[in-house]
Every structure is written in structure tokens, then in C-alpha cells.
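Proteins get letters first, then strands, A, B, ... in listed order; numbering begins at 1 in each.
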Amino acid sequence: MLDIKLIRENPDFVKERLKTRDKALVFIVDEILAVDKERRKLIAEVEQLKAEKNKLSKEIGRLFKEGKKEEAQKAKEEVVAKNERIECLEKELKEVEKRFNNLLLTVPNLPHESVPVGKDETENVEIRKWGEPRKFDFEPLPHWEIGERLGILDFERGAKLAGSRFTVMFKEAARLERALINFMLDIHTKEHGYTEVWSPVLVKPEILIGTGQLPKFEEDLYKVCDEDLYLLPTAEVSLTNLHAGEILKEEELPKYYTAYTPCFRREAGSHGRDVRGILRQHQFDKVELVKIVKPEESYNELEKLVNEAEKILQLLEIPYRVVELCTGDLGFSAAKTYDIEVWIPSQNMYREISSCSNTEDFQARRAKIRYKTKEGKNEFVHTLNGSGLAVGRTLLAVMENYQKPDGSFDIPHVLQRYM
RNA sequence: GGAGAGGUGGCCGAGUGGUCGAAGGCGGCUCCCUGCUAAGGAGUUGAGGGGGUAUUCCCCCUCCGAGGGUUCGAAUCCCUCCCUCUCCGCCA
């Protein structure tokens, strides 16, 4: 959520920044300003009346004690009249507040000034490459063929159990999934200083509002029927919200959390994309990294976060590249994002395996995560998140990059002790 | 699922219709005192929002689990919900 004060005081700046994402966003700023004006006018009026009412009520108490019944009675009538007016105005105010909040909650974050301006993913900027894609002296197979031939990826049975975009894994694939999870968690906790977390995978709507999935992206989420709970689309949601509504001590920061969770996404609007294999599934495993930091440190922390995610691929010895998303491709909550894209031999291209973002205070403002500065002021923290990594995609990358001509594949050196 | 107890400020804990944003204690902060430390003394110490040309000053509104209601007035009374704890049942 953007700071209403910023919108109020620098509307043109906000418009300019939003425009780099999408030109249509400009109009919402004016709408917000109009509603804000209306809102504040009503607040002033209501509070004036309440002040008068409170004063009178105290007066009444005093008059009763002094035995001045008639004067008290007269004052009572006056308060009743004020109450009617207050009730009426408050009803109006409630409507306006609701409109105001809904508007504010649907505005995306402002891109950081360093983010390249561009309309979509074609204008993302490659930052660096790591590793040389392997030269195959045979035609590399896609992972689904490798997996099906070995009998360790079963798409038909996945569909039987749950429908399309669900897969069953057997034997080495199942074990590799588990090995990858443990490997990633070990690296992040032992080498990068993260605290391991295990969290619920069903969460309340207000939690999803905190990180920005709601109210705007409900169609991407699975909702539990009969209960007001949603399946987690990413552990970013639970980890970031661990401190929702809290005021942290300055010396508690920074906080680094990592968790393995399954993630559930409806992938609405991506029909026909990546239909084969396990690249795009409704349910997938992910090890997530979340940082809660002081504002002045967040961009530094973002660079570190990307490096920490990259470390996994380096240890697995799989080539990748890092790209910086342009303004038009930036996610809703992000001020700046780096994607890590892993090399996929069968597609002869790099595909996203991690997305690392600094949301600045955008999520903190929604989730009300603050810290008390040395001066005793409450400030919003900055929150960051990144995949470290998407486990299913890592598994797929291992299978393809380590495949052998006989249709089998090797296990990366660092994973062998986990198998 | 059944029965009971309870949810108050950073924490503990008082408060059962008026001057209570809330006693007292602990903790925190500031100052004083003692050579240092400990002890002691004085003061101060919640959050969100609106306004006054105002982050540091002033005024006001709201907040005692959440939402409704009664009342001129509610932390205090009534209703609904949520959560925590204890016992019973069921269960991985």
C-alpha cells in the first residue's frame, strides 16, 4: 500500500512512477485524491460533533451530582439530537472509508528509480550469467520424457488424482525432491543465517491482503469452501506476516526467515502455457527466503538475497542468469525484482526459477509491520522475499542438465549425501 | 464436539455505569545522589487518525480480543463471533 500522505503531497511524482508500469494507473490517483478529500471532510465534521457531545455528557454527570435535574434533562436532549446527526455522518463516512481503502489496496507499488523502464518481459535486462550451458553430443530430452521413461514422473496418474497440472512422483524423483528441500534449507540456515520456519499452508484473507495477493488477485488462489481460508500460493505470505501488526525492536532487525512449503496456484489465465512437464503446476514445493529489515538496508539486502539464492544453483553446478525486471513486468508489491533463470537444455533457454524482490514498505504498511527507532518513532520496516529456490523447477533442471545418453541422469555432487 | 474459566498498556495486574487511556508493580527513558557498581530519590513512558501555515508545540477523535446493542454517558451491562487455558469425548 502506498502512503496516502505521499499521494496527497506529491501526486505528480506518484503518477509518473505508476505510469512506468501501466499508463491506465494514472486515473486511480485522482480518484483516490477525491475520495481522500471527501473522507477528511467527513472526519472533521464527525469529530467536531463528537467533541461537543463528549463535553455535554460530562456536563450531565456533573449536573446530576449537583442535583440540577432540569438542566441535565435539557442537555440530554441536546446530546440525543447530536447523536442522530453523528450516526448519519458516520454511516456516510464508513462508505467513503471503504471506498478509499479498496482503492488504495489495488494500487501497485512504485518501481524504484533504478528499475529499467519497459513494457513487458522482453525489456528485462540481463545482469549476469553463471556457468556454461553443457554441450550435448546427443539430443537432450525434456524432463517429462526422461521422467516417464524412468517411471518416476507420472502425469497420467497425477491427472487421475487431481486433474491437469498435477503430477505424481515416484522413487528417485520423489527422493530427489526431498533431498533438494533439505539441501536448500541446510545451506540457508547454516551458511546464510536464516531461521528455519514451518508454517500453516492455509491462511486467512487478511494475511493475503498483507502481502498483496488480495483483494486484487483472488482468481489465482485456491479457497477452502465452508471456511474463510486460502491455500498458500507462496511461503512469502506466511513468513512476511509472521510479524503482522507488531512493533519490533530496532535491535531485532534484520530478521531472516526460510521455510519449505508446498505452494498452490490456480494459474488462471495461463491455459496452454507450459502444459507439459512439471514447470507449471497447481501444486509445487518451494523453499522461500524472507527478510525483514531497516529501510536504509533494504537494497543492500536485496543484492545479498539474490546471491544467496544463486548459491544453490552454483553448488548444484547448473548454469543460470540473473535478469532485472523492467517496470512493466514488475509484480504488484515489488519496487525492484531480480529473477534468476535456470538453463533448460530441452528448451534451449533460461527459465525462471527464483524471483527476488524488495517491496520496501509496501507490504509492511499493509501488514502493519513496524519497528521502533532509537529516537522512539515507529517506522515501517522493509520486507524482501525470494525463492531459494522453486524445488520442482530445480528438480527438472537437474534432470535435464545432468541427463545421460542412456536416458538416465546423474545426481549433482552436493546432493549425493542427501539421497 | 461437550462442560467450565478467561481475554485490560512492553509485561504482570487492578478496575462492575460518569472526571478511566485506564490504579499499583515490573521493565524502558531522563534527571538527582553516591568515586564506580549496586541501592535510593524525582519525573517520564501505548497506538492510529483529523485539524491548527507544523515529525519535535497545541487542540480534538478513536482504541481495554472483534463486531453489534442498551444508555445522555460503557473497560464496566446485553447479544454474536474469535482466540487462549482446564477437564471429558474423538483422533494422526
Side-chain angles (χ1 to χ4, degrees), chain A residues 1-10 32-101 103-105 198-210 224 226-230 238 241-253 255 262 294-296 361 364-381:
Chain A
M1 188 159 57
L2 299 182
D3 185 358
I4 180 61
K5 282 185 195 128
L6 178 73
I7 301 177
R8 207 140 65 197
E9 283 154 26
N10 301 296
I32 287 172
L33 286 171
V35 178
D36 179 49
K37 204 168 162 189
E38 198 180 339
R39 173 180 152 263
R40 285 194 294 165
K41 194 181 130 228
L42 281 168
I43 288 172
E45 238 176 296
V46 168
E47 290 192 349
Q48 174 66 32
L49 281 167
K50 281 191 177 172
E52 290 167 17
K53 164 198 155 165
N54 289 344
K55 222 168 169 181
L56 270 175
S57 283
K58 279 184 188 168
E59 190 81 12
I60 290 168
R62 224 194 56 227
L63 289 171
F64 267 119
K65 259 180 206 146
E66 290 169 8
K68 295 176 180 166
K69 282 249 172 67
E70 265 145 67
E71 279 175 61
Q73 191 54 42
K74 224 174 128 197
K76 261 195 201 183
E77 280 158 27
E78 218 175 307
V79 175
V80 172
K82 281 195 199 299
N83 275 343
E84 269 170 43
R85 180 109 181 88
I86 289 170
E87 200 182 334
C88 174
L89 285 172
E90 274 194 328
K91 215 170 131 193
E92 207 177 321
L93 179 61
K94 216 170 166 180
E95 291 289 307
V96 172
E97 291 283 2
K98 204 172 141 192
R99 217 153 27 103
F100 177 73
N101 284 328
L103 279 172
L104 217 49
L105 284 175
W198 185 94
S199 94
V201 293
L202 287 173
V203 291
K204 298 175 183 177
E206 62 262 37
I207 296 305
L208 288 153
I209 288 172
V224 172
D226 299 331
E227 212 137 356
D228 210 7
L229 292 170
Y230 294 82
S238 46
N241 278 289
L242 284 175
H243 297 289
E246 297 182 16
I247 301 174
L248 300 165
K249 295 194 185 88
E250 184 167 0
E251 56 274 23
E252 287 181 80
L253 300 176
K255 285 186 176 287
K294 288 194 258 180
E296 62 269 26
D361 63 5
R365 184 168 276 114
R366 290 176 159 242
K368 300 181 182 65
I369 310 169
R370 290 168 294 175
Y371 78 105
K372 203 174 270 294
T373 64
K374 284 190 195 73
E375 296 77 46
K377 287 184 72 178
N378 296 328
E379 305 268 12
F380 288 109
V381 298

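Nearest heavy-atom pair across Arg85(A) and Glu45(A) is NH2-OE2, 3.2 Å.
In this structure, Ala51(A) reaches the sugar-phosphate backbone alone: every heavy-atom distance under 4.0 Å involves primed, P, OP1 or OP2 atoms, never a base. Using a 4.0 Å heavy-atom criterion, one finds that Lys94(A) contacts the sugar-phosphate atoms exclusively. Nucleic acid contact class of Lys58(A) (heavy atoms, under 4.0 Å, all strands): none.
What separates CD of Glu9(A) from C1' of rU55(B) is a distance of 11 Å, to the nearest Å. For Leu49(A) and rG73(B), the CG to P distance is 14 Å, given to the nearest whole Å. If you take CG of Leu93(A) and C1' of rC61(B), they are 11 Å apart, rounded to a whole angstrom. Between Glu59(A) atom CD and rG73(B) atom C1' the separation is 13 Å, expressed in whole Å. Atom CD in Glu250(A) sits about 15 Å away from atom C1' in rG28(B), given to the nearest Å. Taking atom NZ on Lys50(A) and atom P on rG73(B), their separation rounds to 12 Å, with Å as the unit.
The closest side-chain heavy-atom distance from Pro295(A) to Tyr371(A) is below 4.5 Å. A 4.5 Å side-chain heavy-atom check between Leu89(A) and Glu92(A) finds at least one atom pair inside the cut-off. By the 4.5 Å heavy-atom criterion applied to side chains, Asp228(A) and Pro205(A) are counted as neighbours. A heavy-atom distance below 4.5 Å is found between the side chains of Glu97(A) and Arg39(A).
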**Request:** Scan nucleotides 46-51 of chain B nucleotide by nucleotide, 5' to 3', and note B when protein non-hydrogen atoms come under 4.0 Å of the base, S if they reach only the sugar-phosphate, - if neither.
**Result:** -SSBSS
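Between Asn54(A) and rC60(B), a side-chain N or O to OP1/OP2 separation shorter than 4.0 Å is absent. For rU71(B), neither phosphate oxygen OP1 nor OP2 lies less than 4.0 angstrom from any side-chain nitrogen or oxygen of Asn83(A).
rU8(B) sits 7 Å from rA75(B) when the C1' atoms are compared, rounded to a whole Å.
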Which donor-acceptor pairs under 3.5 Å do the side chains of residues 2-9 of chain A make with protein atoms, sequence neighbours left out?
from: Asp3(A); atom 1: OD1; to: Lys5(A); atom 2: N; distance (Å): 3.1
from: Arg8(A); atom 1: NH1; to: Asp36(A); atom 2: OD1; distance (Å): 3.1
from: Arg8(A); atom 1: NH1; to: Asp36(A); atom 2: OD2; distance (Å): 2.9

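Counting non-hydrogen atoms of neighbouring residues, nucleotides and ligands closer than 6.0 angstrom, the CD atom of Glu70(A) reaches no more than 12 such neighbours.
Projected onto RNA chain B by closest heavy-atom contact, Lys204(A) and Val46(A) fall at different nucleotides, the more 5' of which corresponds to Val46(A).
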